[in-house]
Amino acid sequence: HVQLVESGGGSVQSGGSLRLSCTADDLTVTLNTLAWFRQAPGKEREGVADIVTHGSTRYTDSVKGRFYISKDNAKNTWYLQVNSLKPDDTAVYYCAAGNGWRLIPSAYSIWGQGTQVTVS
């Protein structure tokens, strides 16, 4: 049983864009900080962005100005819009929900299955 269902990955050229989506139950979305992480081959899982219940957002420096996190409570969904993609953005992207006290994996308890983003 997958707790969070994510989609939207794909293969794009440098400079391209994608929108990743993650869907959960209504309580998960409304009560938790919601986040996106990514993990490239041979690297640790990295926090990309999060959004708290009141809407404030946070981004890791490498994606500021290019990536945008948002949520739609009515659809029980949150998104990561990824723009101006670079080869270094290639990774499996995971959505997550949890207390979000820090943008680190241990602060999140509910995870999606991952979606591959490949930039060439």
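Not measured: the values here are computed from a predicted model.
Closest of all the heavy-atom pairs between A24 and V29 is CB-CG2, 4.1 Å. Contact record, A97 with T28: CB-CG2, 3.7 Å, taken as the closest heavy-atom pair. In plain terms, the two heavy atoms of L103 and A35 that are nearest each other are CD1-CB, 4.1 Å. Nearest heavy-atom pair across R58 and G100 is NH2-O, 3.6 Å. L4 and C22 get closest at one heavy-atom pair: CB-SG, 3.6 Å.
Side-chain atoms of N32 do not come within 3.5 Å of backbone N or O of L34 as any donor-acceptor pair. At least one donor-acceptor pair under 3.5 Å links the side chain of T30 to the backbone N or O of D26. When atom types are taken as modelled, the side chain of E46 and the backbone of R38 share no donor-acceptor pair closer than 3.5 angstrom. Between the side chain of Y93 and the backbone N or O of T90, no donor-acceptor pair lies under 3.5 Å. A side-chain donor-acceptor contact under 3.5 Å links K71 to the backbone of T53. Of the possible polar contacts, one joining the Q113 side chain to the E6 backbone as a donor-acceptor pair under 3.5 Å is found.
A distance of 9.0 Å separates CG of D25 from CG of L31, quoted to the nearest 0.5 Å.
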Going through the checks in order, is the side chain to side chain contact (heavy atoms under 4.5 Å, CB included) test met by L85 and F67? CA-CA 9 Å; L85 285 164; F67 291 10; 3.9 Å; yes

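Looking only at side-chain heavy atoms (C-beta outward), V82 and D89 stay at 4.5 Å or farther from each other. Residues L20 and V117 have side chains in contact (heavy-atom distance under 4.5 Å, counting atoms from C-beta outward).
For Y108, the ring pair (Phe, Tyr, Trp, His ring centres under 6.0 Å) test picks out F37, with sequence neighbours left out. The side chain to side chain contact (heavy atoms under 4.5 Å, CB included) check on P87 picks up S14, V119, with sequence neighbours excluded.
Applying the side chain to side chain donor-acceptor pair (under 3.5 Å) test to residues at least two apart or on different chains, the pairs with a partner in residues 77-87 are S17-N83, T23-T77, Q81-N83.
Between W111 and Y94, the ring planes lie perpendicular to each other; the angle is over 60°, past the 30° to 60° tilted range.
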